[in-house]
Amino acid sequence: MPLTRDQITRRAAQELRDGFYVNLGIGMPTLVANHVPAGMQVWLQSENGLLGMGRFPYDDEVDADLINAGKQTVTAVPGASFFDGATSFAMIRGGHIDMAILGAMEISEEGDIANWMVPGKMVKGVGGAMDLVAGVKRVVVTMEHTTKKGEPKIIKSCTLPLTGKACIDMIITELCVMHMRENQGRRRFEVTELAPGVTRQDVERATAAEIWWSPDLKAIEA
Amino acid sequence: MPLTRDQITRRAAQELRDGFYVNLGIGMPTLVANHVPAGMQVWLQSENGLLGMGRFPYDDEVDADLINAGKQTVTAVPGASFFDGATSFAMIRGGHIDMAILGAMEISEEGDIANWMVPGKMVKGVGGAMDLVAGVKRVVVTMEHTTKKGEPKIIKSCTLPLTGKACIDMIITELCVMHMRENQGRRRFEVTELAPGVTRQDVERATAAEIWWSPDLKAIEA
Amino acid sequence: MINKVYPSPQAALDGLIRDGITLMVGGFGLCGIPEKLILALRDSGAKNLTAISNNAGVDDWGLGLLLQTRQIRKMVSTYVGENDEFARQFLSGELEIEFVPQGTFAERIRAGGAGIPAFFTRTAVGTPLAEGKEHHDFEGHTYVMERWLKADVSLVKAWKADTVGNLVYRKTARNFNPMMAMAGRVTVAEVEEIVPAGYIDPDSVHTPGIFVDRIVRTVSVKRIEQRTTTPRA
Amino acid sequence: MINKVYPSPQAALDGLIRDGITLMVGGFGLCGIPEKLILALRDSGAKNLTAISNNAGVDDWGLGLLLQTRQIRKMVSTYVGENDEFARQFLSGELEIEFVPQGTFAERIRAGGAGIPAFFTRTAVGTPLAEGKEHHDFEGHTYVMERWLKADVSLVKAWKADTVGNLVYRKTARNFNPMMAMAGRVTVAEVEEIVPAGYIDPDSVHTPGIFVDRIVRTVSVKRIEQRTTTPRA
C-alpha cells in the first residue's frame, strides 16, 4: 500500500540526526517536524531569519514579528537566534545547513529539480529554493511519485525551468525511497526501499527515468 | 613660519563637518581628534570594530577588550557601536565614511599614495590603509612636506610600492594646503593656502611634482 | 548637532522622493515593513518607481498600496504570490519584474552597501535566472556572477533607535532591513521607540548609526498574513 | 543530545589538529584572541601549519608562541609589526607570508563562510597586492577579484556562549571572530562564561550556534599591547 503523506514525512524524519540544522520547505516537508524522534535535538532554520523554530504559538503568544518562511506565526525554542537575510543565506549557501527537505514538480534522472514555475502560468517567484538546493549539504525531496493526472514526475530530463542542477540526493514518495548514486561517472537514483505491497513494476510504471535497483531492496518502515 | 604638527592637525580639523564619520590614521592624524570644534559631533571610526571612539580611559577604566586600530586602550562615547571586521570594512569600502585623515611617505602629482612599505626594509603589512584610500569619500593626508633628509615627498610618480592610485583629495603639510583638481582631464594638486611666512618658492623647492596655484591663494589659519 | 529624528513619516521623506527613483523597502511578507513610510510614499504621488523588496505586500497593505495607485514601474523581488493586483499588472505588462533567488537578493543588497560590485554564487547556475550572466569556474564548480543592488532611498523598519541612528530589530522583523539600510544613498528608518544616545548597549546594536540618515517613530499596525496557532490543550 | 561543551582547551582540540592544516585564529593584536586554545595548539606539537590571523601576536603571547616553536609555515595576515621572532623567520625565508589588506581579509573570510568563492573590490587596485589577479571593470571603475578563505579549523574567542553554541562577543574583542567562526570546517570557541540554552536573548546573538562546533570555558589573561590612559584631572 502506498504511503500516506504522514508516512512519507515520517520516513523523511528518519534521515535526521541529533544536532542537525535543517530547513523544511513549505507544504508536505513542514510535517517532518512532527516526527523528530524523542531525545533528538534538530534545529529548524527558517530562511527569513530564525534558527530554532518551534511550534505554532498559542493564541495569546501570537507575535506579528515572529513568522517563518511560509509567513506563518511561529515560536522560537530556547537557544534560538534571529539574524538578517544575508546571514541566513550565508548559512545556506555556505553549506552549514545539514539537510533541506523540499517538494518538487519534476526531478530528472541526474538529480536536477524543477519546483518554481510553470510556463504560461503566473510566476510567483523562486523565494529561497534555488539557494537551498545549491547550498545545503544534503537535499531530500518528499513528494507524490506522479502528478494529479498520474504522469511521472521523475523523468529523463526536466521539461519545466530548473531550480537547480544535479542537486537532489534522495527522494521519498508514496511508492519508494531513492538515493542518488554515482557509478563510473554516471549518476542515477537507486531505489533502496519499497512501500509495503508496492512492486518494482509499480515504481517503474510511475517513473519515466532510468533508475537503478539496490541489490539489497528493503521495505519502508514508517 | 612652517606649521607645527599641532597646527597641521588643527588645520585638518577645519575639514570636519557636523555629523561626519571619520577614520583617523595612526600617528599625526590621531591628533586631529583634539581639535574637533566645540558643539560639533564627529564620529570616529576605528576599523577594528568601533564607531564612536572616545578619549583614552582613566586608569581604572582600562579594558583590554576595548582598543583602537593602533591597539591603544580607548573608550566609547554614548551612541557608540561595536561590530565585526566585515561590517567595519563595509562602512569603509562602501563609501559610508565621510573622511579619512592619513599619513603618507610619498604622494604622486596625480594623487597616488605610498605609505606601507619600503623595499629592502622589513615589511610589516598594510593593515586597513588600502581599504581606506580606496573606499572613503574624501581622503586627506597630513604629513611633513619632505623626508627627514629634506627630500620631496610630493613627486611626479611614486617610487615606493603604492597603497592606492589617484585617491588623495587633499594634502596638509607644514608649508601649505593642496587640493586635487581636475582640469581638462588632467589631475594635479592646487595650492590654495600657504603657512604664514612661507613663500611660493619654498613650496616649489620642497615639491618635485607639477602643482597648480590657486588664483585666490590664502594664508593658513590654524 | 545633526538631528536625525523627524516628526512624521511625511517629514522624514521630505526632499527625497522623485519620479523614477529606486527604493529599497524592508520586510518579509508583511513582517518588518516600514508601513507608515510606505503610506507617505504613496501620498507623495511619485511615479515610475523601482521597488527592491522581497515581496509586494498584499492588495491593501504594504507595497500593494503603491501597486493600486500604479506608482511602481518595476519590482526586484524574490516572491510575489499574495497580491491579485500585482498579478493583473504583471500579466498585462504594465509592471516589470526581476525575480532574484532570495539568498542572491540578500547578498546583492549587502554587496551594494559594502562596495562590492559583483560576487559569485552557485545559486541559480543552470536555471533561467542565471542565463545571460557571466560564469566562472572555481575549484571544479561553476558559479554565476551577480551584481550589487543599490537604492536612491532605503525605507527600513526597526524596533528601537537611538537619536544618533543606531537600530535594533525585533525577532524576524529584522529580515532584509539591515542590508537595505547599508545600501541606500539615503536611509530612512521607521521605529517603534526612540531612546537617547547611550541607551542601547553598543554590543547589541544591529545597524550602526552611520547607515541611517533619518528616523521617525510611528505606531505600528503589524498585520499578520498567516495566523497559525496551536490550540491550548 | 550533542554536547558542544568541552572540559579543557586540550579536549576541545582533540582529533582536530594535524600537521599541515590551515587554521584561522581570531583577534586584533592581542585583543579577542583564543589565548588558551593557542597554548593547546602549541602543546599539540603540530607542524607546518598555515595560520590565517590578522596579526602574529607578540614574541611571548598569542601566535608568537607558535612562531617560537616554528610550528607555523605560512601566515595570511594584514599586519605583523610587533614580533621580533616573526621578523627573523620572515627575513630568513623560514616563514612564508601572504599580506592582505584588512578589509579584503575580513571579506575573504566572510566569503569563505558564506559560500562565495570570489568577489570584486577596488581595494589594492594598482598596488603590488593586486598584481597577477583578475581585474574587471564595473560602471567605469576597475576592481580586482579576490578569493574566499577557508580553514580546516577556526579558533575563536567570545565573551559568552550558551550550551548550543550561540556566541556573544564583548566590545572590540569581536573583530574577526564572527567571520572566522563561519569559515572553519570545524570551529572551536573559547569563552569566559557558558550559560544554558535560552539564557541569551535571541535578538542579541552575534554568532548563531550553527557556526560553532565546540566550546570551552577558560579564564582569560587579556594582555594589553598599548596601555594608553588619560590622567584624572
Side-chain angles (χ1 to χ4, degrees), chain B residues 16-23 36-54 63 65-68 74-100 128 130-137 164 167, chain C residues 1-5 24 106-119 148-152 154 158 160-169 178-187 189 194-215:
Chain B
L16 302 173
R17 296 292 172 270
D18 193 24
F20 261 27
Y21 295 90
V22 177
N23 185 295
V36 177
M40 187 183 284
Q41 188 167 43
V42 170
W43 294 94
L44 300 180
Q45 198 243 22
S46 192
E47 65 265 28
N48 56 315
L50 165 59
L51 186 64
M53 180 168 61
D63 185 337
D65 288 340
L66 180 42
I67 65 170
N68 65 15
V74 293
T75 54
V77 303
S81 54
F82 299 112
F83 35 83
D84 64 37
T87 303
S88 181
F89 284 91
M91 293 177 188
I92 292 168
R93 195 190 311 102
H96 303 279
I97 305 283
D98 295 293
M99 185 178 289
M130 286 189 182
D131 306 279
L132 284 162
V133 299
V136 169
K137 281 183 204 153
C167 52
Chain C
M1 301 223 284
I2 299 278
N3 180 19
K4 292 188 177 183
V5 179
M24 288 183 184
E107 192 66 17
R108 288 177 67 191
I109 295 167
R110 180 188 177 276
I116 292 170
F119 61 89
W148 60 14
L149 285 170
K150 299 205 217 190
D152 297 303
S154 284
K160 203 190 280 195
D162 67 17
T163 48
V164 297
N166 292 304
L167 302 182
V168 176
Y169 306 93
M179 291 86 74
M180 289 182 172
M182 295 168 65
R185 199 176 51 73
V186 180
T187 291
I194 301 176
V195 299
Y199 280 62
I200 296 176
D201 175 2
D203 277 325
S204 297
V205 168
H206 293 142
T207 292
I210 189 171
F211 297 123
V212 179
D213 301 285
R214 302 181 179 194
I215 314 157

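Residue numbering restarts at 1 for every chain, and letters A, B, ... go by the order of the sequence lines.
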Query raised in the report: What is the ring orientation for C:H206 with C:Y169, classed by angle as parallel under 30°, tilted 30 to 60°, or perpendicular over 60°?
Result: parallel

Query raised in the report: Looking at C:T163, C:N166, C:I200, which makes the most heavy-atom pairs under 4.5 Å with chain B?
Result: C:N166

Query - Among C:P196, C:S204, C:A114, C:P208, residue most engaged with chain B (heavy-atom pairs, under 4.5 Å) - result: C:A114

Report summary line: With chain B, the option among C:G209, C:G112, C:G165, C:G115 that has the most non-hydrogen atom pairs under 4.5 Å is C:G115

Query raised in the report: What distance do B:S88 atom OG and B:R93 atom CZ have between them, rounded to the nearest 0.5 Å?
Result: 10.0 Å

Report summary line: Cut-off 4.5 Å, heavy atoms of chain C, and the answer for B:A134 is neither

Requested in this report: Count the heavy-atom pairs under 4.5 Å between each of B:A80, B:A86, B:G95, B:G52 and chain C, then report the option with the highest count.
Outcome: B:A80

Requested in this report: Against chain B, label C:K150 side chain, backbone, both or neither, depending on which of its atoms sit under 4.5 Å from a heavy atom there.
Outcome: neither

Report task. May I ask you to check whether B:H96 and C:F211 place their ring centres under 6.0 Å from each other? Result -> yes

Query - Region of C:D162 that comes under 4.5 Å of a non-hydrogen atom in chain B - result: side chain

**Report entry** Per-residue contact mode, B:I92 against chain C (heavy atom under 4.5 angstrom)
**Finding:** neither

Query - Straight-line distance of C:M179 CE to C:E107 CD, nearest 0.5 Å - result: 8.5 Å

Requested in this report: Walk me through it: do B:F83 and B:M91 pass the test side-chain contact (heavy atoms from CB on, under 4.5 Å)?
Outcome: CA-CA 11 Å; B:F83 35 83; B:M91 293 177 188; 3.5 Å; yes

Query raised in the report: In Å and rounded to the nearest 0.5 Å, what is the CZ to CD distance from B:F20 to B:Q45?
Result: 14.5 Å

